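Below you'll find the structure, written out as structure tokens, and then a few comments.
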Amino acid sequence: MHIRGDHAELVVGGRLDVRSAADARTVLHTAVDDGVGDLVLDLSELDSWDATGLGVIMGVHRRAGRCGRRLVLRDVPPQMQRLLVATRLHRILSIEGGIGVESLPRV
């Protein structure tokens with residue numbers, strides 16, 4: 001897993017899973033704490049996430065809200081969009097451009 005960027009926009013790549021969750025949480029929480037305004041997470045390079053990785057994203061979402069910021073997900077890969085829809089988290093998280101549920105391929 002890799003995260004690059006600053007306190008306003010970060011690109012998350014690789015796998016966000018139980019092995020990388022602690023490091024990701026530290027980097028993302030620091031970005032939330034050190035910035036103002038929206039925090040954009042570009043997920044275009046993210047290969048996969050598991051329940052722990054999704055939990056990290058939700059924790060960052062909550063922390064951003066407590067800091068008066070908004071977490072925005074950008075370029076969410078289709079397989080991860082399906083998971084957000086299945087868990088109904090697409091209704092809670094801010095997703096740039098939204099999720100076109102009807103356009104998602106069925107599995």
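Everything quoted here is computed from the prediction, not taken from an experiment.
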(request) Could you tell me whether D50 and R15 have a side-chain N and a carboxylate O separated by less than 4.0 Å? (result) no
(request) Work out which heavy atom in D6 is nearest to a heavy atom in A31; give both atom names and the distance. (result) O-CB, 4.2 Å
(message) Has R70 got a side-chain atom pairing as donor or acceptor with D38's backbone, closer than 3.5 angstrom?
(response) no
(message) Closer than 3.5 angstrom, by distance alone: can the side chain of E9 be matched with the main-chain N or O of V40 as a donor-acceptor pair?
(response) no
(message) Let me check something: do L93 and V85 share a hydrophobic cluster, defined by ILVMFWY side-chain heavy atoms less than 4.5 Å apart, either directly or through other members?
(response) yes
(message) As a quick check of understanding, evaluate side-chain contact (heavy atoms from CB on, under 4.5 Å) for R63 and L71, giving each step before the final call.
(response) CA-CA 9 Å; R63 188 179 191 104; L71 178 68; over 6 Å; no
(message) Could you report the tightest heavy-atom contact between L84 and T87, atom names first, then the distance?
(response) O-OG1, 3.3 Å
(message) Nearest 0.5 angstrom please: C67 SG to R62 CZ, how far?
(response) 13.0 Å
(request) I would like to know whether D75 and L43 meet side-chain contact (heavy atoms from CB on, under 4.5 Å); could you show each step before the answer? (result) CA-CA 5 Å; D75 293 331; L43 303 180; 5.8 Å; no
(message) Test side-chain contact (heavy atoms from CB on, under 4.5 Å) on I3 and L28; report intermediate values, then the result.
(response) CA-CA 9 Å; I3 300 176; L28 296 173; 4.2 Å; yes
(request) Provide the closest heavy-atom pair for H7 versus R69 in the form atom of the first, atom of the second, distance. (result) O-NH2, 2.7 Å
(request) Find out whether S94 and L73 are in side-chain contact, i.e. whether some heavy atom of one side chain is under 4.5 Å from a heavy atom of the other. (result) no
(message) Working note: T52 + L16, criterion side-chain contact (heavy atoms from CB on, under 4.5 Å); need CA distance, chi angles, decisive distance, verdict.
(response) CA-CA 8 Å; T52 305; L16 182 54; over 6 Å; no
(request) Identify the residue among L46, D42, L41 that makes a side-chain contact (heavy atoms from CB on, under 4.5 Å) with V11. (result) D42
(message) Quick test of your reading of the model: are R4 and E45 salt-bridged, counting only N-O distances below 4.0 Å?
(response) yes
(message) Within this structure, what is the CE-CD1 distance for the pair M80 and I95, rounded to the nearest 0.5 Å?
(response) 12.5 Å
(message) Distance check, rounded to the nearest 0.5 Å: Q81 atom CD versus L89 atom CG?
(response) 13.5 Å
(request) Report yes if some heavy atom in the side chain of L39 is under 4.5 Å from a heavy atom in the side chain of V72; otherwise report no. (result) no
(message) Any non-hydrogen side-chain atom of W49 less than 4.5 Å from a side-chain atom of L83?
(response) yes
(request) Measure across I92 and M58 and return the closest heavy-atom pair with its distance rounded to 0.1 Å. (result) CG2-CE, 4.2 Å
